[in-house]
Every structure is written in C-alpha cells, then in structure tokens.
> 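Just dropping this structure here.
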Amino acid sequence: MDKPVRPGLDARQLAENFSDIHPPLGDFQAKAAAAECLYCYDAPCTRACPTAIDIPTFIHKISTGNPVGAARTILAENILGGTCARACPTEVLCEEACVRNKAEGEPVEIGRLQRYAVDHLIDRPTDHHPFSRNLATGKKVAVIGAGPAGLACAHRLAMLGHEVDIYEAMPKPGGLNEYGLAAYKMTNDFAQREVEFVLGIGNIDIHYGVSLGDSMPLSALRKSHDAVFIGIGLSGSNDLNLNETTLNGVEDALSFIERLRQSPDEVAATIPDRVLVIGGGNTAIDAAVQARKLGASDVTLCYRRGRDEMSATRWEQDLALKNDVKMVLWASPDEILGNHQVEAVVFERTSLGSDGQLISTGERFDIPADLVLTAIGQKLNSTALGDLDVAKGKITISETYETSIAGIFAGGDCTSTGQDLTVQAVQDGKRAAHAIDAYLKG
Amino acid sequence: MADLGCTIAGIESINPFWLASAPPTDKKYNVERAFQAGWGGVVWKTLGADPPVINVTSRYGAHHDATRGLIGINNIELISDRPLKTNLDEIRATRKEWPDRVIIGSMMAPVEKEAWQSLAVQIAEAGVHGLELNLGCPHGMCERGMGSAIGQVPEMVEQTTAWVKEVVNIPVFTKLTPNITNILWSAEAAAQGKADAVALINTVNSIISVDLDTMAPEPTVDGRGTHGGYCGAAVKPIALNMIAEIARAPETQSLDISGIGGITNWRDAAEFISLGANAVQVCTAAMLFGFRIVDDMIDGLSGWMDTQGYRQVADFTGAAVKNVVDWNDLNMNYDLKARIDPEKCIECGRCFIACEDTSHQAITITEQTDGHRRFDVVDEECVGCNLCYHVCPVPGCIEMEAVDTDRPYMTWPEHPLNPVKDAG
C-alpha cells in the first residue's frame, strides 16, 4: 500500500474513488449506442433540451463515423456540450423524453454519446476551432463571470464579431464547472480544457481576480464597454439561521466542494469520519457522495421532506445510497450543539399537515457529527449590483435578457429563466448574446 | 409435426436445406460438419478439370449496416483449387458415410463438348445424386470463357446442358446467373437442353465498396481490385423475382427450382418455396454464423407449417405463384388508408417526416395539452403507399386499412382513363 492519505485510504484508492462516474464510450460502444436512436423528427429529446441540441442528427453522425460533425452539431447550440454531457441530469431532460422509453423501457444513452462526440473534437489538439468569427464590428462587450452563462455569451458574441472582456472573481475560469460540480463528473481537468477550447474562437480576454464592487463598479463597465452581460450566478449560500456561524466544523457544501475540487488530497487528509449534510438538492448529494469517497466513514444526509420532494434527481439519490450515504428524511435542523467545535445537530421530526404544509411533530433527536455541510440553496449576492432591479432574489430581465438598465444584460442562475442548471445557463448566455448583438446594431 | 422431406428433380432430401456450392462445401471436413449440424444436402464446391485454379488474397468484401451487421458480401474466389481426384475421393467417402444426405456435384468447363462430358462422367461416377452446371460465376472464371460467360448466352446454356444430359443418367441442375436482361431466356434455354431443374440465383456482379484511403475497390489485392459476386440478404429480392418469373411462365413452369439468394432463416426459405422453389440452397448465412443456423431453419419452418396446417413442404410449394401477376392485372379500384394507433405511437415522428418530405403530405402533427403529440392521417391526401407503415419502428402501430370503395375489380387495360384502352 502507498503512503496513506488518511488511515485506510491510499492515493491509488482515492484516485479510483474519484474516477469517471460515466466512463467514456469506445468507438464500438458508441456505434452500438447510436444504433439505438430512431432518428426521430422534431424529436422529444431535442424539445426537452434547454439548448435544443439537434440530438438525432448528432447521433446519426456518430453512426456514420462522423464524430467531428456530430460535435459541431452539438456545439452549435451548446458550446459547453462537453460539460453538459457529463453533468446534465439527462434522466429528467433528454433521456427522460427519449421515445425508446415507451418502446423498450430504456432511453438512448444521449449523454454518453454527446460526450463521445465532443471529446473527440476537444481531445484533438490539431483541429482548428470549429466556428469562425464574423467580420469585426468594432464593438466591445464586458461579461461578468466566466461561468457557463458568461462563457457561452462570450463565445457567441465573438462569433458575431464583437470583442469580449470577461471579468472573473476567481483565479480560474469555469464557474461551477470548475468549482461546484462533483469531481467524478469532471475528471481529467475537463473544465479547464473546455474553457481553453471555447477561447479558441479568439477575441475573448479573461481578467481574473476581479469582481464587481468599488474597484470595478457596474457603471464604469457600462461606460468602458458598448454593452455588459452579467452572469455572476448565485455566489451566496442560504443560512440555516441557527448558530452555525459561531462554530468550527460547519461549512457551506459548495465551499467544501470547491476545496476538494482544487486539492482532494488535502481534504481527504483532514475530513473527519462523521459528516452530516443538510439539504435535498444535487449539491447535497454531490457533497455527501464525495465525503464518502474522501474517506469519511459515516455520512448522513438529512432532508426535511421525503425523497419525492427532493430536487435531487432519483438517479442522484440512488447514487448516494449506493455509496452508503445514510438518508434521514422528514427531519428539520433545529439546533447545532457544540462548544467551539460542532458536536451534533438536533433535528425535529416533520410531517405533512392536512393542508400540505410541513409541520413539526415535536419529536426531537440528534445526530452526532464532526463536520456539518449545509446545502440548502444559493442566493444572489446583490451588493455590487447598484441600481439594478432585483426581485425575489434574482436579477429582473426582459424577454431579451435586458436588465432594468439599458445596455446591461443578464442570464444564468442569477436570473430566473428556468432551472438552475449549466445547460440553462448556456442557453441564456447564447440567447443574450444575440439580444446584445441586436441591441448593438440598434 | 410437419414433414420437411422434399423431392427436387427426383432426388429425395430429408429437408429442403442444402448448402450451396461455395467455400463451405469445399471439402469433406466442412461437409461432414454441415451434415452433423442437420443440413439435408450440399452442392460440392465447383469442380473443374486439372490443373486446379490458383486463388488470390484477399477474397471477400463486405456491405455492412450501421451496426456492422452484414447486409451482403461479395467474393472473387474461383472454383475448387484442389486436385479433381482429391475432391472425387472425398465425395465418394462422404456419400458412403452419410447415405441419407444429398451430394450434388457442381462443375464448370470451357465451351467444349469433350470437356463438359468427360468431367460430368468422372463426377457422376463418384456417386453424386446429381450434377449442377455452374454457368453463373461473374468473376475470374468468366474471363476464361466459363461461368457467367456461358450463362449469359442462352444458346450456350442449352448446349452445355444438353451435352451433360447426353452422358449421365442422374438429374442435372442448370445454375443460372442473374447478370442478364431477362432470366426467362436462360431458363427456357435450360429447359430446351432438358435440364431437370434450374438453380438460381448465382451471385450478382458487383463492386461492394471502395477503400477511400487507398482508392481501390474492395476486396483489395495488392492495391487493386476487381468486380466480384454479391450475395447475402441483400440479393434475396432479386432472387425471389427471378424464381417467380420462372415459376409462372408457361415455357418454364415445369422446371424444378432450387432457390438460392440471401436465404438467412426459415422465413426466407418459406418465401422461396412459396414462389415455386422445390428446395433451397444457403451459403452466406452459414459463412456468417456457421452451420448451426440450420437448427432454427428446421424447427422454425416445421413450426410455421404446423400453425398453417401444412403437413409437408409440397403442400405450400408454389402457393404464392398464382398471386404474382403483371402490373396490368392489378385492381385499380383497391384503396388503402394508413391508420396510426395513438396508444402504440411513441411519437418519433418518422412517419410524418417521410410522408411530408417524400410522399403526399398526408400526416399531421397536433400538439396535445399534456405536451405530447398526436399523429393523424389525412385520408384525402393518403394514397395508401405503405411508406409510413414501413418506417414506423413500432410493429402494429400503423396499419393499412382497406377502404370499402364498392367498386369492381378493374385493371388498367379496362380503366376509363387509359388513353390506349380501346387500342388494347
């Protein structure tokens, strides 16, 4: 055994734990999977895809031995098709809509086929970028945030002939693709390789370590550029509104994932055995499963309602159970116990009242934990948005993605266009780019 | 259980499944394995006069579908490349060891009476049940004046058949090439030459593919290729038509027919037999999967015969021939409309796009309130062409329904809109 990262876990085992959860398809597997596709017309899968990728066409191209053409079909609608192939909850999008479900009870493996095609193009460094820039317009657009919405917007703006400056608060681009998705979905530094591919269009500059605020107010960006796109996501985390901030060992699940994405060895060495995750979304699952894979022996996920009410998909829930995550349902956190360091969380047993409202049964119990991860949703950090209209925690936009200030546009998780998913953010960025183009052409 | 025994050209066989003259029947070893698997007979790989031919490599090209299934293969292999005596000794031994199985000797020679007759006599003396005259190979041997070079000239078909019939008293099968303009000319010539049966089809002349890297046809021999004989499932429709033509033409309908061409399973065999084949020969399917495929052919065919009430193969031999007619004999007043079952529909849209782009714009899509789509046929536009029925991936989802037109059977020659009606 190699030198252990933590007792009972060596580097090889750790790497294996974080290997690709959906290993890539080989050529033969891809052909076989592609042969399952019926080449539907006006296909339900395409209609279910927020970016409306022409799925039957790209799968047909795989079946004829034209994977680069397949990749181009995907990327024409979704420039981050590589991440979406890995991270999309396909089980509730394209694959749920696949007509093969009705015919045979199993969908075509659309996500894995998409990955096969896009990887084929991205992994071939000699290939030039598959899209080209229109004649230069002389216009310059500022994009705030190098996450999925910002990258998709920037790429499409560059295609349309505009120059783009991206301003990114973090030291690396990619947003949640780099910092927020589970590591086993984004192996082999894919987020960075994908950004490099996106930038291959040219005329996009990324400025790192800068965020909206006193040193770079929105008003100044609006003056220095012909238009602005805001794709800042939801950088704040909701609080439990208990005493969590005063205790060590209570952490926002996203910051935990961010830490482990950047240095998994370090997190594996320090993660305690007893981990408690609070929340019912995909982030909660990502945190709980990864805690197990990092070597925590006793991981519990608590949610105040039942499995049917979780926003995590059934596939994600099953993944947690497969990884021996204990699920405690109908339990609402009431109090965090500990003295400087967290020791346990007290829960109240909940149930549904006659009117469908969640009610407490009065029964209390506690679950001991050395690390508590909260994953109860993200919120907009609106402090640097100035006079921009914000409603219900999201930036208000028109049908053309324009905010309350002319020339400033927004999309992705910081707006309420659809579900908070990478694929939705890409669609927002793409459509906003066309809206900005129309705005710039007056 | 139905009796699969059958008789062709007076030869009795335990079942109608024979292996065709080709690599699978090249020697005793293969033929014994075939008999062990259950084949009723074999046509030994074509024999010629010594010295034996010399073959090239490679020899086979492939026509794949999207999933590497083989639609067809073609070959440029010649006739048996072993000495005649070796083959005849093995035929003798196999006949002795497998008395209940049929062995037919296939042969070819240049257009010389002595060559045909001496070879025919030598093979007959080895104890074969019959002879098959290979007048069909469309590659290699034809360049030496044999195979399809003979089969494409009706006079030579008649002549070679007559030469062989003169010197042997066993049944003679004349094997025909499909690489002609009208199969009846060759079949009539075989009948004139007193053939006991015709065997068809031989392979279809073809270039199966081009290697786009080397820019050479496949199979490639040291950077170059040649046309070869195409066979397998893809040629079945060509074979069925030619067999039906022979079975229904007055001049040829008395010939027994050994049906060949893309037979892959019992259902294919039943179709050939229904169009007039007295027995069938198989090659490509065995080359793709081995001799074991005969197991399904045997119990598939007898199972189907049981459900149909056929007690022996002769009960349905040629049963479909009467329904093969000229276009001019079809009923112009017959009318079909497609019916799409919304319960079975999986909403793939294939029927819609096929009809919309390439047919008669007779299918509509209606968005439903629950997000589903409903596909309906517009009767006024539907010409009953069957295209949607064929492209639909769900069996039974689209049915073609006969419209009760209340009009009599009327052929085109009788049709009031036929401008040459009266002239006819």
Side-chain angles (χ1 to χ4, degrees), chain A residues 25-50 52-70 92-110 112-113 116-117 418-419, chain B residues 62-71 209-214 218 233 338 340-378 387-398:
Chain A
L25 295 174
D27 292 341
F28 181 70
Q29 292 170 302
K31 280 262 175 88
E36 296 295 315
C37 177
L38 293 172
Y39 206 168
C40 296
Y41 171 75
D42 190 14
C45 53
T46 293
R47 292 151 66 95
C49 173
I53 291 170
D54 187 347
I55 293 166
T57 294
F58 95 68
I59 294 179
H60 176 69
K61 289 182 177 183
I62 290 174
S63 76
T64 69
N66 178 15
V68 171
V92 294
L93 295 171
C94 53
E95 290 181 15
E96 183 181 51
C98 177
V99 302
R100 284 283 192 195
N101 286 307
K102 187 169 173 190
E104 283 117 339
E106 286 289 335
V108 175
E109 290 187 283
I110 299 169
R112 293 181 82 192
L113 284 166
Y116 170 82
Q419 292 189 70
Chain B
H63 187 177
H64 287 114
D65 66 15
T67 52
R68 249 187 106 69
L70 276 162
I71 299 165
S209 58
V210 176
D211 182 327
L212 291 175
D213 294 322
T214 61
E218 294 173 306
I340 303 170
D341 181 349
E343 290 299 310
K344 290 184 180 153
C345 177
I346 60 172
E347 300 175 44
C348 70
R350 291 274 300 275
C351 58
F352 171 83
I353 197 61
C355 190
E356 189 70 11
D357 278 358
T358 69
S359 251
H360 293 79
Q361 298 78 47
I363 296 178
T364 57
I365 304 178
T366 313
E367 298 279 343
Q368 306 291 290
T369 49
D370 61 1
H372 285 278
R373 292 176 299 164
R374 191 189 151 96
F375 295 78
D376 290 293
V377 174
V378 182
L387 181 62
C388 59
Y389 168 78
H390 291 311
V391 301
C392 178
V394 182
C397 176
I398 298 183

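Just so it is clear, the model here is predicted, and its values are computed rather than measured. Side-chain atoms are counted along with the backbone in the values below, which use heavy atoms only and exclude waters and symmetry mates. Throughout, a chain's letter reflects where its sequence line sits, starting with A, and its residues are numbered from 1.
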> Would you compute the distance between atom NZ of A:Lys102 and atom CD of B:Glu343 and round it to the nearest 0.5 angstrom?
6.5 Å

> Kindly check if the number of other-residue, nucleotide or ligand heavy atoms within 6.0 Å of OH (A:Tyr39) is above 12?
yes

> Does a sphere of radius 6.0 Å around CD in A:Glu106 hold more than 12 heavy atoms from other residues, nucleotides or ligands, not counting ones at 6.0 Å or beyond?
no

> Is atom CD of A:Gln419 surrounded by more than 12 heavy atoms (other residues, nucleotides or ligands) closer than 6.0 Å?
no

> Sub-3.5 Å donor-acceptor pair from the side chain of B:Arg68 to the main-chain atoms of A:Lys31, do we have one?
no

> Enter the distance from A:Tyr41:OH to B:Ile363:CD1 here, rounded to the nearest 0.5 Å.
12.0 Å

> Checking heavy atoms, do the side chain of A:Arg47, its backbone, both or neither come under 4.5 Å from chain B?
side chain

> Which atom pair, heavy atoms only, marks the closest approach of B:Glu347 to A:Val99?
O-CG1, 3.8 Å

> Tell me, for B:Cys345 versus chain A, whether the close heavy atoms (under 4.5 Å) come from the side chain, the backbone, both or neither.
backbone

